[in-house]
Amino acid sequence: MSIVVTGATGALGRLVVDELLARVPASGIAAVVRNKEKAADLAARGVELRVADYSEPATLAGAFRAGDRVLLISGSEVGRRVPQHTAVIEAAKAAGVAQLAYTGILGGPDADFALADEHKTTEQLILDSGLPYTFLRNGWYTENYTANLAPVLEHGAVVSNAGEGRIASATRADYAAAAAAVLTGDGHLGKAYELSGDVAWSLAEYAAEVAAASGQPIAHTSVAPEAHLAVLTGAGVPAGFAEILVDVDRAIERGRLAGTSGDLTRLIGRPTTPLAVTVREAVTA
C-alpha cells in the first residue's frame, strides 16, 4: 500500500508530497506524473514515480494498486476535467484503492458558479463509483491574487467585479497540509471537508495589504462585470477563462467564497496563513 499523489509535479502536488515526506517514509509515497524528468527531484528523495496522464486512460492502468490511498488533484484544463477525472476514478476502482480523496471546490454541490460545475460532476462520479472517498472542498488560494502582483503594482489598482464580497482564502501550503493529514490519518472516509481560511477579507482590504507591504498607493476598483471582462481580455487573458474569472467575482459578491467553517484549521492543527503574511512574501520576493 502506498499513498499516491496525482498531478504531483504541479504547484499543489509538490507541496502535498513535501508534507507527506515530513510524516511518512518516502518508500510509502508514490507520485503520478506525466514526465519523469520533471519529477527527478522527487525520485531523488525516494518517492516512487508512476507515469500516467489524465488524458490517456490506458496509462492509468498501472498508476494505482490495491489498498492505495489516492489523492486526485483536480486537473488544470477547465472544460476537459470530467473525462480526465472519470479515467482516474475508473482506474482507481479497478485497482481496488482504499481511499480516493479529491480536491474539489468550496460549497460542493451548493456552489452555484461555473468553475464549480466540473467539481460537482466529479464528486457525483466518485459517489456513484462506490469508492471510499474523502472530499477536500478547497476554497480560494491566496496565491490566485499574490501570484499576479506585477500589474497591480504597475497600475496601483486591484480591479474586480466582486464589490464588497469577502474571500476566506488560504495558501496552497495550508491546503496541502490538510490533504496530507487526510491521507495519513484515520476517520476521514465518507467525509466532506469545507476548507477555507480562518478570516474572510475583501478586495479593498487586500489592496490595503499590498499598499502596506509595497509602500505604494493601491486601491480596489469594483467595476461592472462587462467592464472587468474587457480589462481581462485586454490584458491578454483568453476570453473563455476571463468569463470564468468574472463569474467567480460574481460568486464572491454573493458570499460564496466567504465561508469560514474551521475545517481547514482543525485538519492542520494550526491557524491558516494570514493574508498579510502571503502578501508581504510576494511583494518582497
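This structure is a prediction, so every number in the text was calculated from the model and none was measured.
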Asks: Apply side-chain hydrogen bond (donor to acceptor under 3.5 Å, both in side chains) to Glu118 and list each qualifying residue two or more places apart in sequence or on a separate chain.
Replies: Arg81

Asks: Contact between Pro83 and Tyr54 at the side-chain level, heavy atoms closer than 4.5 Å - yes or no?
Replies: no

Asks: If the test is side chain to side chain contact (heavy atoms under 4.5 Å, CB included), which one of Ile105, Asp263, Leu136 qualifies with Glu194?
Replies: Asp263

Asks: State yes or no: are the ring centers of Tyr145 and Tyr206 separated by less than 6.0 Å?
Replies: yes

Asks: Out of the candidates Val231, Leu229, Leu232, Ile244, only one should pair with Val237 under the side chain to side chain contact (heavy atoms under 4.5 Å, CB included) rule; please name it.
Replies: Leu232

Asks: Under 3.5 Å, is there a donor on one side chain and an acceptor on the other for Thr272 and Asp198?
Replies: yes

Asks: Counting C-beta onward and ignoring hydrogens, is there a side-chain heavy-atom pair between Gln99 and Leu189 closer than 4.5 Å?
Replies: yes

Asks: Between Phe113 and Arg256, is any pair of side-chain heavy atoms under 4.5 Å apart?
Replies: yes

Asks: May I ask you to decide whether Arg250 forms a salt bridge with Asp112, counting only side-chain N to carboxylate O separations under 4.0 Å?
Replies: no

Asks: Nearest heavy-atom pair of Thr9 and Arg14: which atoms, and what distance?
Replies: O-NE, 3.5 Å

Asks: Can you check whether Val32 reaches Val4 side chain to side chain, under 4.5 Å on heavy atoms?
Replies: yes

Asks: Verify the cluster assignment for Val199 and Leu267: are they in a single hydrophobic cluster under the rule of side-chain heavy atoms below 4.5 Å apart?
Replies: no

Asks: Before we go on, tell me: are the rings of Tyr175 and Tyr141 under 6.0 Å apart, centre to centre?
Replies: yes

Asks: Does His228 have any ring-ring contact (aromatic ring centres under 6.0 Å, His included) partners at least two apart in sequence or in another chain, and if so, which?
Replies: none

